[in-house]
Number of protein chains: 2
Amino acid sequence: MKTPKRTTIYDIAKKLNLNASSVSRALNNSGNVSEVTKKLILKTAKELNYKQNSLASNLRKGHNQTIGVIVPRVNQNFFANVIAGLEEVTYQKGYNLIICQSNESHAREVKCVNTLINQHVSCIIISVSADFEDDTHLRNIQENGIQLIQFDRVDDNLETFKVLNDNKQASEDAVTHLIAQGYQRIALLEGPQNLNIFKERKEGYLSALRKHNYPILPELMKENAWTKELSAAATKKLLNMAHPPDAIFASTSDFSALGVLEVATNMGIKVPAELGICGYSNEAFTEITSPSITTVDQYSVSMGKTIANLYFQEIKSDNKDAIPKIVSIKPKLIIRSSTLRNKDEQRI
Amino acid sequence: MKTPKRTTIYDIAKKLNLNASSVSRALNNSGNVSEVTKKLILKTAKELNYKQNSLASNLRKGHNQTIGVIVPRVNQNFFANVIAGLEEVTYQKGYNLIICQSNESHAREVKCVNTLINQHVSCIIISVSADFEDDTHLRNIQENGIQLIQFDRVDDNLETFKVLNDNKQASEDAVTHLIAQGYQRIALLEGPQNLNIFKERKEGYLSALRKHNYPILPELMKENAWTKELSAAATKKLLNMAHPPDAIFASTSDFSALGVLEVATNMGIKVPAELGICGYSNEAFTEITSPSITTVDQYSVSMGKTIANLYFQEIKSDNKDAIPKIVSIKPKLIIRSSTLRNKDEQRI
DNA sequence: TTTATTTTAGCAATCGATTGCTTTAAAAAT
DNA sequence: ATTTTTAAAGCAATCGATTGCTAAAATAAA
């Protein structure tokens, strides 16, 4: 279907016997137009149902009030919330958001980046895919004069603005909490270690153990348990060990924690009495499982807002040599029943 | 920060002593360029890290491979899933998605529409905000030659392509199921009746009651109970009635159903024995509450795909007078514990 | 070898809005 | 009444890519 001809500034100009430049100035309120003419132009524009062509405008002005966002999945709670937060701020500033999902595929992520570069977006906000390979595409963004902000899952080696969760600290807090609750053998469910976030969470786990002089037991650390299914499988193995753990920190997600909980329930293991469970992300459901699950809240919506504000306040304002800044948000441990051993029970 | 000069087709042309038109033709593979020159151009383009300027290209070509999406909230499960589905298909077709959220505000929705019109998107996909007022902005989309697809929450009076859930049927199925389980006094939690979806769900409820010769009792129908809190409040009132309902159909959402469940649990009312509860949407958590909640699955991701395919197959292919088509998807009742009365118990 | 045909490449206009510069008109100052 | 200053409006180039048309070159046919 062919687009019918839309009203342009030339149509308005012709109708009023004016020059297009005056129309443009009137519409942009950029002076050099008398009040009378301006009113007339505005009125006519409305009458003719004039809509600016942003393509033309942006082409001429050489910039685009659009920000590109690339996330692994838009319907994953954390990312959906970040996007909601981003949108909230960018909308206020009159910016648009172009959303792409990499589907956890590096190849697709590269394509998304290229599209966004072509679109001349003024900034790209990205959380890299799980099979992160290299940063050529990210460097390419910068080489094309487009601002780059990485968040959550980032490439540590590339110097850019970053907004991070303090995964290590949060993780350490979680494990410390488990220790305080008297758990002795704390297992860890890990995510892919090529992603910074999972590496950091593991570090936090190790750090907490060390600080409390707990032994570090490789048999209690399960690699690549980052889906509900993988976690359930790992949990079965853990709980069938001769000397099983008495707590499991599902550092990858609440879905993993849910997998743990289901396996434990099926095996007749009491949570939190016999097994403590801690998840990560504070998904809505963690509050309503029985028992409710202790987890880490990442303030995802406000993270989105922080990212957007970072762009508008620090980066956009042509601080030519603004030094890439790293903002770290401290997530919050949400303590719930799944790790709260009744103190009395403990004494038995 | 000023965008550094990017490579244009003129740069390539100059370097090779060619005309920009040849470069354009080579890059677009549109013939009239010898194989030798084409190869040379492609090679040089890569060397100079050429990236097309989509703004210029789209301006000239008069169309934009971009689709705009407007939803009330991007981080609401249903919408996030629809967007994921949309993105999946549009990505394959080389289209971009610009996402806006109306935040359930009509005024903001109007603004979003205008921005998208300015952006010259080729199609706008929308689910209207809760305080839907009028359709001027939607008509405006069409007047500007932009395709319009409404989904889920739609304006019935406006003739456009629509992708809907068969809310009435699903609702009727749900209530029929409750009746089959022996519930006698079935209450309804309604959403704002200016939204088609809630109106239809109510119709389904009424229709099921009528078909089974159940009395329609206004005191069992609670208006505007479309958040967890509002539902909880409504539930308290219902359960404190002299003659309380023995089932509640939270037609607005699973969050509402959750509100009902919490109130019932707190009041010591047994679910499903003394109270049946049915929600709507099949949120992830409905599976893991205790008891798990009966609900309606809307196939949200595949709905997104359906919408996108509708665009590419029916609308885009310049079927000039393609008659606005309405696609109705039949949601599926997911029966879980919260409505499954033990048949034996019933006999007591 | 000359003419006809096909390829290949260049020219220039176009998409719509913006903006520096110039001209004209109006207002202010002399 | 004349000159100076200021305000308003017009002109034309520009952003980068595309495309219909024309010109030149290369190939095929006579």
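In what follows, every chain begins at residue 1, and chains take the letters A, B, ... in the order their sequences are listed. Since the structure is predicted, the reported quantities are computational estimates derived from the model, not experimental observations.
Sorted by residue number, the list of members of residues 38-49 of chain A with any non-hydrogen atom under 4.0 Å from DNA chain D is empty.
The salt bridge (Lys or Arg N to Asp or Glu O under 4.0 Å) analysis of residues 146-161 of chain A, with sequence neighbours excluded, yields the pairs Glu104(A)-Arg153(A). Listed by first and then second residue, the salt bridge (Lys or Arg N to Asp or Glu O under 4.0 Å) pairs that reach into residues 20-37 of chain A are Glu35(A)-Lys38(A), sequence neighbours excluded.
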Per-nucleotide protein contact string for nucleotides 15-29 of chain C (B base, S sugar-phosphate only, - none; heavy atom under 4.0 Å) = BBBBBB---------
Pull out every protein N or O sitting under 3.5 Å from an N or O of nucleotides 23-28 of chain D, one pair per line with the distance.
none

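For Lys325(A), the salt bridge (charged side-chain N to carboxylate O under 4.0 Å, His left out) partners two or more places apart in sequence, or in a different chain, are Glu314(A). Qualifying side chain to side chain contact (heavy atoms under 4.5 Å, CB included) partners for Gln76(A), counting only residues two or more places apart in sequence or in other chains: Arg73(A), Phe79(A). The side-chain hydrogen bond (donor to acceptor under 3.5 Å, both in side chains) test applied to Ser34(A) returns Thr37(A), not counting sequence neighbours. For Thr160(A), the side-chain hydrogen bond (donor to acceptor under 3.5 Å, both in side chains) partners two or more places apart in sequence, or in a different chain, are Gln150(A). Residues passing the side chain to side chain contact (heavy atoms under 4.5 Å, CB included) test with Gln92(B), sequence neighbours excluded: Glu88(B).
Asn77(B) and Asn81(B) share a side-chain donor-acceptor pair at under 3.5 Å. A side-chain N or O of Thr136(B) and one of Asp134(B) form a donor-acceptor pair less than 3.5 Å apart.
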N/O donor to acceptor pairs below 3.5 angstrom from side-chain atoms of residues 15-22 of chain A, sequence neighbours left out:
| from | atom 1 | to | atom 2 | distance (Å) |
| --- | --- | --- | --- | --- |
| Asn19(A) | OD1 | Ser21(A) | N | 2.9 |
| Asn19(A) | OD1 | Ser21(A) | OG | 2.9 |

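Counting only heavy atoms from C-beta outward, the side chains of Cys123(B) and Tyr95(B) never approach each other to under 4.5 Å.
Listed for the Glu87(A) side chain is a donor-acceptor partner under 3.5 Å among the backbone atoms of Gln101(B).
The end-to-end axis angle of the helix from dT1(C)-dA30(D) to dT30(C)-dA1(D), rounded to 10 degrees and based on five pairs per end, is 50°.
Note that OG1 of Thr44(B) and NZ of Lys39(B) are 13.0 Å apart. Values are rounded to the nearest 0.5 Å.
In this entry the distance linking CG of Leu16(B) with C1' of dT8(C) reads 15 Å, nearest Å.
Using a 4.0 Å heavy-atom cutoff across all strands shown, Asn17(B) reaches sugar-phosphate atoms only and no base atom.
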